[in-house]
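Here is the structure we will look at.
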Amino acid sequence: MEVFVVEEKYQPDKIEPKWQRFWEEKKLFQAKEEKGKPKYYLLEMFPYPSGKIHMGHVRNYSIGDVVARYKMMKGFNVLHPMGWDAFGLPAENAAIEHKVHPAKWTYDNIDYMRLELKRMGFSYDWEREIATCDPEYYRWEQLIFLKMYERGLAYRKKSQVNWCEKCQTVLANEQVIAGSCWRCHSKVTLKEQEGWFFRITDYVEELLEWCDKLTGWPERVITMQKNWIGKSVGMEIDFPLKNKDGKITVFTTRQDTIYGATFMVLAPEHPLTLKLSKGSPYEQKVKEFVERVSHEDIIKRSSEDYEKEGVFTGSYCINPVTGFDMPIYVANFVLMEYGTGAIMAVPTHDQRDFEFARKYGLKLVVVIQPKETSLDPDKMDRAYTEDGIMVNSGPFNGLPNKEAMEKIADYFEEKGIGRRTVHYRLRDWGISRQRYWGAPIPIIYCDKCGIVPVDEKDLPVILPLNVKIPKTGRSPLPELEEFVNTKCPKCGSPAKRETDTMDTFVESSWYYHRYCSPHYDKGPFEKDKVAYWMPVDQYIGGIEHAILHLLYSRFYNKVLRDLGLVDFDEPFLNLLTQGMVIKDGAKMSKSKGNVVDPGYMIERYGADTTRLFSLFAAPPERDLDWNDQGVEGAYRFLSRIWRLVFETKNLLLNATLPEGEIKNKQAKKVYQKTHETIKKVTEDIERFHFNTAIAAIMELLNEVFSLPIDNRAPDKEVVSVLKDAVRTTLLLLSPFVPHITEELWQEIGEKGSIINQPWPIYDEKVLKKEEKLIVIQINGKLRSRIMVKSDATDDEIKDLALKDEKVKKFIQGKKIKKSIIVPGKLINIVC
RNA sequence: GCGAGAGUGGCGGAAUUGGUAGACGCGCUGGACUUAGGAUCCAGUGGCUUUUGCUGUAGGGGUUCGAGUCCCCUCUCUCGCACCA
């Protein structure tokens, strides 16, 4: 191709703002409920307005934008909203550090980040923008809270809670990651405190069951949710105390081993622990032990090398099936939170019990024998936890232990000493936060009437803004008399408001419903609009919310369903979890100094290049390795397209599209490649392989550059193929890089926005080639390649292959045993 | 420990159902144009090798006409849960 000097250079800063303005003025992304068009609700996890967008956002939202724009071109009615998860701690910390009010800090950040997102050219319907710190948002959250309270789904209780000293607040179990605070990573301690809970455990079975029906979710996330729910099926069994009234109830999943239970172990927090030792010579020791353990933090107690220790309480209980006197111990490895806080110890068949028994010289009885060998309790060096045949187990002797499980359960239920039970690891969701910057919990405490919900007509309970945030980080609300002091809605006497605020995960549990009718002022959302748009067809966000936000949202949606507000079971049909953005082998972070600022990238290379690189460098689920030279490559690619259009612009403006058979060989090749690319890119976008979709377009462009174009004596046919290829390239590329494609679309004389164009379709007929490349293998090894007619029969292919010079050389003097032909691909000759 | 996923050139990554391993991009090498090149264009680029091949997808074994892909064993890494009774 002849090279001409191009006056116009690709300068993204000149075109990007122009098109962003154009989209906004034409309201191209405003979604309306429309019958006759299939709806598509595309949602990306909304950001916390921390100040600036980061590369993780850029990646998440670029992925989403490709899907949104693609679906629009495919004829879907797309809802693609954006908003702000605007309550939360960093606003308070900023207030302390910079002496600026959390509200001002938050809204300033929102203003700045909205600008940044707009500079990226994302196709959001900004009319639907919401900020969760807006009373018009959280008033509905408070209303839902009241409905939940009415139904007993929100309740107050005193319990051992996770306390983050740095954040000065309570955390839900899901928010404690390996003993540390999910937000600030500092150590979490246990604390007795009263607070509000959502009864997520009421929905535990449904949440678990639906895990298997969420076929559009990554397996990984499903597994994590299942593990978190932690269902285990077993029995509760009663062990009567010896010489005392009462019993100890244990939970076990191994009732088949009960004949081998030789001692009992209680959690230090178990109510019987101190009682049982009272008055015995062991009382003091037990007290000291319990005291010591209770001061150890969660991290230490759950660490791998935590030594298993215990103390004898001085009491015994009786094994209900063997009559054996079981000494009762208290030990640090038994958790009060799980099961009943007491375990029957079977040292022969549980490794922990085994170690404990050896340490304190307790009795071992084998009750399950492996098939091959015979276990001797004195010679065992570890517990036997596999399956086997029951021994020393009275009426159950000789049975395989798996079979005995049910029989023992029946037997215990008949005798009334045990019952089948199911335990879950999932606890109720603690939503009280002792922080200021959150939605107030709409509850009033009255000395006479007790806990009284705020009247619905008095909502919202507005978070007062005229406060000073104390340096300690403690909430100013309890000291704020004008907020705290109120009247009891029931009896009218002076009363006090709840000063805890809600966990910010409550806001994010229903924002996607609110997007459907964001300005509705008669309820949380308009039912028919939610019915039209929901559920979310595609949700995109980080894997870090695999449990937290995604489990809470599933729960919340089910609550809304049971309140009669929505009529579907699950909020998110399909989920895509994108990987982290990495630089120099580590997650981008300020402390590591490897942060790439999107603002700088946009300034230097433009939004299109930034988007293109973040989509091209890795498939969405994987971590993305940020590479500055890779960005250059993306910019270079866009510059090449730019140049191609300007070099051929005059030809394109007057050209027609290809018609009929194309004679020029090279042109025909490009024409076929164009159609192949449409097919490939369409399929790749559908399965979220954006990197290979972009690679395919790059290939097409490389092919286009091979066209024999003579600017002075242009060949009509060649130019028509060029025009078709350029148009197609722009259309296929537009979801990835919308600005440059809009600009060039206009340059080649096309009318209107490219987003309003239908997605290109390929012609099956064009894909059919007259000749195909057939690979020849001999004994599975590649030896030669031949071109054969597409309609060649197997015999013809075989003949041609055997005539091939290279093949002849390899099969010389050998007998051909057989040949395998894969149509259109290869022939393998076995000899 | 349990569960899930992964291991492919110097690098990011392709190979959708067992059928040409390394698409595409980065980097690198050589060349062209140039006062210059960190612009652009052309050619090359897994390793070894007498250009004839041999070898190669963490390692070992297997199934198959044919294995990166399926099966078994081992190693390494990442993530999640972690004394869960």
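Protein chains get the first letters and strands the later ones, always in sequence-line order, with residue 1 at the start of each. Predicted model, so just to flag it, every value in this text is computed and none were measured.
Between the side chains of A:Gln666 and A:Ser706, at least one donor N or O lies within less than 3.5 Å of an accepting N or O. A:Asn702 and A:Arg640 are linked by a side-chain donor-acceptor pair at a separation below 3.5 angstrom, with hydrogens and angles left out of the test. With no hydrogens or angles considered, a side-chain donor-acceptor pair links A:Glu355 and A:Gln351 at under 3.5 Å. No side-chain N or O of A:Tyr329 forms a donor-acceptor pair with one of A:Thr273 less than 3.5 Å apart. Judged purely by distance below 3.5 Å, without hydrogens or angles, the side chains of A:Gln225 and A:Arg554 pair a donor atom with an acceptor atom.
When each of B:rC81, B:rC65, B:rA85 is scored by its nearest atom to the side-chain atoms of A:Trp228, the top-ranked nucleotide is B:rC81. When distances are taken from the side chain of A:Leu782 to each of B:rG53, B:rA21, B:rG80, the shortest belongs to B:rA21. For A:Lys781, whose side chain is taken as the heavy atoms from C-beta onward, the closest listed nucleotide among B:rU55, B:rC84, B:rA15 is B:rU55. Candidate nucleotides B:rA15, B:rG25, B:rA85 were compared by shortest atom distance to the side chain of A:Asn702, and B:rG25 ranks first. Ranking B:rC84, B:rU16, B:rG19 by closeness to the A:Lys680 side chain, first place goes to B:rU16. Looking at the side chain of A:Thr692, the nearest of the listed nucleotides B:rC81, B:rG25, B:rA23 is B:rA23. Of the candidate nucleotides B:rG19, B:rG25, B:rA85, B:rG25 has the atom nearest to the side chain of A:Phe616. Among the nucleotides B:rU16, B:rA82, B:rC24, the one closest to the side chain of A:Arg425 is B:rA82. The listed nucleotides are B:rC24, B:rA14, B:rU16; the one nearest the side chain of A:Glu699 is B:rC24. Checking B:rG25, B:rC65, B:rG80 against every side-chain atom of A:Val830, the shortest atom distance belongs to B:rC65.
Taking the O4'-C1'-N9-C4 or O4'-C1'-N1-C2 dihedral as appropriate, B:rG53 has a value more than 90° from 0 and is therefore anti.
Remark: A:Lys669 does not engage A:Glu676 in a salt bridge, criterion side-chain N to carboxylate O under 4.0 Å. Under 4.0 Å is where a charged nitrogen must lie from a carboxylate oxygen, and between A:Glu805 and A:Arg783 no such pair does. Ionic pairing of A:Glu205 and A:Lys231 is present here: one or more N-O contacts between side-chain nitrogen and carboxylate oxygen are shorter than 4.0 angstrom. Classification of A:Asp353 and A:Arg254 as a salt-bridged pair fails, no side-chain N sitting under 4.0 Å from a carboxylate O.
One finds no side-chain N or O of A:Arg643 lying less than 4.0 angstrom from the OP1 or OP2 phosphate oxygen of B:rU40. Between B:rG1 and A:Arg352, no contact under 4.0 Å exists linking OP1 or OP2 to a side-chain N or O. Phosphate proximity of B:rC24 to A:Arg640: absent, as no side-chain N or O sits under 4.0 Å from OP1 or OP2. Contact check, A:Arg622 against B:rA14: a side-chain N or O comes under 4.0 Å of OP1 or OP2. For A:Thr223 and B:rC81, the shortest distance from a side-chain N or O to OP1 or OP2 is not below 4.0 Å. Remark: A:Arg220 is not in phosphate contact with B:rG3, judged by side-chain N or O atoms under 4.0 Å from OP1 or OP2. Under 4.0 angstrom from either OP1 or OP2 of B:rC65 there lies at least one side-chain N or O belonging to A:Lys818.
Atom CG in A:Asp256 sits roughly 13 Å away from atom P in B:rA85 (whole-Å rounding). The CE atom of A:Met326 sits 17 Å away from the P atom of B:rA85 (whole-angstrom rounding). To the nearest angstrom, P of B:rG13 lies 17 Å from CG of A:Asp684. One atom, CG of A:Leu335, and another, C1' of B:rC81, lie 14 Å apart when rounded to the nearest Å. Distance NZ (A:Lys815) to P (B:rC65): 17 Å, rounded to an integer number of Å. Counting to the nearest Å, the P atom of B:rG3 and the CD atom of A:Glu219 are 14 Å from each other. Rounded to whole Å, the distance from CG on A:Leu826 to C1' on B:rG19 is 4 Å. Rounded to an integer number of Å, the gap from A:Ile582 CD1 to B:rC77 P is 17 Å.
As judged by a 4.0 angstrom heavy-atom cut-off over every strand, A:Gln351 is placed among residues making no nucleic acid contact. Within the 4.0 angstrom heavy-atom criterion, only backbone atoms of the sugar-phosphate kind lie near A:Asp623; the bases stay farther away. At a threshold of 4.0 angstrom between heavy atoms, the contacts of A:Leu773 include nucleobase atoms, whether or not backbone atoms are also involved. Residue A:Asn691 is in sugar-phosphate contact alone, with no base atom involved, counting any heavy-atom pair closer than 4.0 Å across all strands shown.
Distance check on atom C1': B:rC24 versus B:rG13 gives 9 Å, rounded to whole Å. The gap from the C1' atom of B:rU74 to that of B:rA23 amounts to 32 Å, rounded to the nearest Å. Distance check on atom C1': B:rU63 versus B:rC71 gives 7 Å, rounded to whole Å. As rounded to the nearest Å, B:rG19 and B:rA67 have C1' atoms that lie 10 Å from one another. Between B:rG10 and B:rG47, the distance separating the two C1' atoms is 13 Å to the nearest Å. Taking the C1' atoms as reference points, B:rG56 lies 10 Å from B:rU8, given to the whole Å. Distance noted for atom P between B:rG25 and B:rA43: 12 Å (whole Å). The P atoms of B:rG30 and B:rA39 are separated by 16 Å, rounded to the nearest whole Å.
Judged by the 6.0 Å and 45° rule, A:Arg611 forms no cation-pi pair with A:Phe736.
Under the 6.0 Å cut-off for aromatic ring centres, A:Phe333 and A:Phe356 qualify, their centroids lying closer than that. A centroid separation of less than 6.0 Å is found between the aromatic rings of A:Tyr10 and A:Tyr635.
Rounding to the nearest 0.5 Å gives a distance of 9.5 Å between CD of A:Glu632 and OG of A:Ser639.
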Are any protein N/O atoms closer than 3.5 Å to N/O atoms in nucleotides 26-34 of chain B? If there are, list each pair with its distance.
| unit_1 | atom_1 | unit_2 | atom_2 | d |
| --- | --- | --- | --- | --- |
| B:rC26 | OP1 | A:Arg636 | NH1 | 2.7 |

Under 3.5 Å, which protein N or O atoms sit close to an N or O of nucleotides 44-52 of chain B? Give each pair with its distance.
| unit_1 | atom_1 | unit_2 | atom_2 | d |
| --- | --- | --- | --- | --- |
| B:rU52 | O3' | A:Lys809 | NZ | 3.3 |

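Looking only at side-chain heavy atoms (C-beta outward), A:Trp217 and A:Asn574 stay at 4.5 Å or farther from each other. Contact check for A:Ile547 versus A:Asn227: no side-chain heavy atoms found under the 4.5 Å cut-off.
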Its dot-bracket string being built from Watson-Crick and G-U pairs below 3.5 Å, with | for another strand and [ ] for crossing, RNA chain B has the pattern (((((((..(((......[....)))((((((.......))))))(((....)))..(((((..]....))))))))))))....
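Sparse packing is recorded around NZ of A:Lys825, with 12 or fewer heavy atoms of other residues, nucleotides or ligands lying under 6.0 Å away.
Between the side chain of A:Asn227 and the base of B:rC81, no donor-acceptor pair of N or O atoms lies under 3.5 Å.
Taking for each of A:Lys825 and A:Ile177 the nucleotide of RNA chain B with the nearest heavy atom, the 5'-most of the two is the partner of A:Lys825.
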